Every structure is written in C-alpha cells, then in structure tokens.
Amino acid sequence: MKIITENNNIIISSCSNFDLSQTFECGQCFRFEKIEDGLYSGVANGRLIKIKQDGDTVTLYDVNEQEFDEKWRSFFDLDRDYGAIIKELSFDSIIKAAIKAAGGIRILKQDGWEVLCSFIISQNNNIPRIKKIIASLCMLLGEEISDGVYTFPSAERVVKAGVEGIAPIRSGFRAKYIIDAAQKVFSGEINLETLAELEYSLAKKELMKIKGVGEKVADCTLLFGFGFCEAFPRDVWVKRVIEKYYEDGFTPGYFGKNAGIAQQYLFYYERSIGKNTKA
DNA sequence: GTCCAGGCATGCA
DNA sequence: TGCATGCATGGA
C-alpha cells in the first residue's frame with residue numbers, strides 16, 4: 001500500500017483486500033451511495049466525502065494528509081492486515097467461498113452513537129427502508145453542512161426531540177428504543193467514550209441495558225462502531241448460513257478473534273447468492 | 001389481502 | 001432457559 005497526496009486528494013495505490021462496493025454494500029453502513037461505477041459518496045466524520053476506486057487504486061477527494069491520518073486511515077481500517085486475517089480464516093470451504101466473493105470488505109470504523117442508533121432502526125426492517133429512516137432522521141435533526149447534506153444528529157438532539165419529535169421519520173415501534181438509547185448516552189449512563197476499553201462481554205452488557213438492544217444489535221454496534229472484531233452478529237442471513245452449511249458443527253468461537261470479519265464475508269456471500277440466482 | 005424485512009420485549013411453560 | 005407472539009411501516 002502506497003499513499004500520496006495530489007491536488008488535495010489522497011491516492012492510495014497497491015491497495016489489496018479493499019473493494020469499495022463490497023465495503024459500502026455489505027450492510028455495515030447506511031449513508032454511502034454509489035454515484036457511478038466505482039464512485040461513492042457519503043457522510044461520515046462530520047463531512048461529505050467522495051471516494052473512488054479504479055483497480056487497486058483508491059482516491060479520497062478533497063482530503064489532505066493530516067485529515068487522512070487523523071480520520072480516514074482508521075475509518076477504512078487501513079492499518080489492519082486483512083491478508084493475514086484471510087489466511088487465518090481460510091480453514092473451511094464455506095468461508096473460503098465467502099472470502100472469494102467478499103474478500104474486499106473492510107470493517108469501517110464508524111461513529112459509535114450513529115452505529116448504535118442505526119442498528120436499533122435496523123431491527124425487523126429491510127435495508128432500503130433503514131436507509132430511508134436514517135436519512136430522514138438526519139434531515140430532521142442533523143446539522144446541514146451543505147445543501148441537502150446533513151450530519152447524523154447527536155444523542156442530545158435526539159433526546160430533546162423525544163418520541164413525538166421523531167415521529168416524522170416513521171420508525172414505528174423503534175422510536176421509543178431510539179429515545180431510550182439517546183437518553184442513556186446523553187446522560188452518561190452509558191459511556192460510549194470508554195466503551196472500547198472494556199472487555200467485549202462487558203461492553204456488550206452495557207449496550208444491552210438499552211431497550212431495543214439485544215445481542216444482534218449490540219454485536220453490530222461493537223463491530224462497526226467500536227472495533228470489536230470478535231463480535232459475531234447473528235442475523236437471519238448468518239443464521240441461514242450456519243444452518244445451511246455448518247449444521248451442528250458450528251460453535252461460538254469457531255471463527256476466533258476475527259469472527260466479526262468472517263461474519264461480514266458470510267453475510268455478503270449469502271446475500272450475493274440470492275441476488276445472482278434470482279432468474 | 002398476505003408476507004417479509006441485518007430483532008426484541010413480553011408473557012407463559 | 002426456551003419458545004411463541006406482537007410490533008409499525010412500507011414494498012413486493
């Protein structure tokens with residue numbers, strides 16, 4: 001991997017195990033959209049960013065070196081050796097096939113509060129609608145940083161809006177969960193600043209104090225927002241994979257300390273099969 | 001009209 | 001501890 005700055009763009013070349021479309025379309029984030037082939041735009045780290053991939057070259061537009069080092073390097077998880085992880089994980093034919101299909105996924109290090117809130121919204125819901133609800137939450141309570149572009153609202157803003165206040169986003173029964181999460185985060189009852197320092201099981205317990213946060217939402221939050229790669233969210237797709245291919249041979253801990261990354265490969269893989277075989 | 005969607009809270013055995 | 005059911009909403 002080589003990184004240079006050119007015309008206030010960051011150009012990353014020889015970038016292995018990094019595929020933008022897999023990374024943005026594996027369901028870990030909800031605020032990035034494809035503008036054209038290989039070009040994505042979205043809001044993260046409090047700003048709008050455009051990013052493009054051409055072969056193994058990735059360009060971040062309008063980003064200087066300092067901002068890249070402070071924010072985007074960790075956001076795209078560029079310092080993790082995915083090659084080594086893939087090698088370690090390639091111990092059965094199923095995960096091997098999943099890696100073949102999804103080995104370019106990077107686990108994005110997103111804002112913890114945003115991830116928590118997003119995955120509360122995700123429950124018993126479909127991805128297009130999850131995106132819609134999040135977009136309208138941002139428009140309703142976020143900060144407009146440029147024309148029609150909004151940041152994700154703070155927990156404080158959400159608490160102050162209340163269940164009635166967020167009614168326009170039409171999140172249904174999840175509204176009370178969103179408010180409970182915002183209340184606990186804003187009050188400090190749950191401290192997201194120090195959550196990453198806890199042991200995985202303790203961090204998970206903390207998040208599950210929130211109404212509407214069960215094992216799956218907690219695991220997604222820990223994996224996508226707090227760097228806990230051992231978190232293995234069991235959603236319907238992954239449960240399907242386990243039942244279909246592993247039967248009884250699957251135990252907690254099967255994928256080890258990078259179970260979360262394996263989970264994303266399997267999730268993407270199983271969904272892509274569905275898409276390709278739909279006559 | 002019916003079913004489903006990156007689940008969870010609740011009640012009951 | 002484990003299992004069935006309801007839940008808001010919108011698209012297929």
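The structure displayed is predicted, hence computed values, not measured ones. Each chain gets a letter, A, B and so on, in the order the sequences are listed, and its residues count up from 1.
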In residues 170-191 of chain A, which ones come under 4.0 Å of DNA chain C, going by heavy atoms? R170(A), G172(A), F173(A), R174(A), K176(A)
Measure CZ/F119(A) against P/dC8(B) and give the value in whole Å, please. 11 Å
Between W113(A) and F152(A), what is the ring plane arrangement, given parallel below 30°, perpendicular above 60°, and tilted in between? perpendicular
Are F119(A) and F30(A) close enough that their ring centres sit under 6.0 Å apart? yes
Members besides Y61(A) in its Ile/Leu/Val/Met/Phe/Trp/Tyr cluster (side-chain heavy atoms under 4.5 Å): I35(A), L39(A)
For the residue pair E270(A) and Y265(A), confirm or rule out a side-chain donor-acceptor distance under 3.5 Å. no
With nearest nucleotide decided by heavy atoms, which residue, Q263(A) or G212(A), maps closer to the 5′ end of DNA chain B? Q263(A)
Quote, to the nearest angstrom, the P distance that separates dA8(C) from dG11(B). 14 Å
Length of the line joining L207(A):CG and dC8(B):C1', which is rounded to integer Å: 15 Å
Is E36(A) salt-bridged to K52(A), cutoff N-O under 4.0 Å? no
Distance-only donor-acceptor check, side chains N8(A) and N64(A), under 3.5 Å: no
Are any of the side-chain heavy atoms of I3(A) and M1(A) separated by less than 4.5 Å? yes
Could you tell me whether the side chain of Y150(A) reaches within less than 4.5 Å of the side chain of L141(A), counting heavy atoms only? no
Give a yes-or-no answer on whether the side chains of N258(A) and Y82(A) include a donor-acceptor pair shorter than 3.5 Å. no
Using whole Å, report how far CE of M208(A) lies from C1' of dC8(B). 10 Å
Using 4.0 Å as the upper bound for N to carboxylate O, is an ion pair formed by K216(A) and D219(A)? no
How about L195(A) and L207(A): do any of their side-chain heavy atoms sit closer than 4.5 Å? yes
Restricting to nitrogen or oxygen on both sides, can you table the protein-nucleotides 1-3 of chain B pairs closer than 3.5 Å?
none

Are R31(A) and C138(A) packed together at the side-chain level, in the sense that at least one heavy-atom pair is separated by less than 4.5 angstrom? yes
First and last nucleotide of DNA chain C in contact with chain A, 5' to 3', at under 4.0 Å to a heavy atom: what are they? dC7(C) to dG11(C)
Separation between the C1' atoms of dG11(C) and dC8(B), rounded to whole Å: 23 Å
Using Watson-Crick pairs (N1 to N3, plus N6-O4 or O6-N4) and G-U wobble pairs, both distances under 3.5 Å, which stems of at least 3 pairs involve DNA chain C? B:2-5 with C:9-12, B:7-13 with C:1-7
Aromatic ring proximity, centroids under 6.0 angstrom, F24(A) and Y40(A): yes
Mind listing the residues from residues 129-139 of chain A sitting with a heavy atom below 4.0 Å of DNA chain C? Number order is fine. R129(A), K132(A)
With the threshold set at 4.0 Å, does a side-chain nitrogen-carboxylate oxygen contact exist between K96(A) and D92(A)? no
Classify the ring geometry between F18(A) and F76(A) as parallel (under 30°), tilted (30 to 60°) or perpendicular (over 60°). tilted
What is the separation between atom CG on N126(A) and atom P on dC4(B), rounded to the nearest whole Å? 13 Å
Ring centroid separation for F232(A) and Y254(A), is it under 6.0 angstrom? no
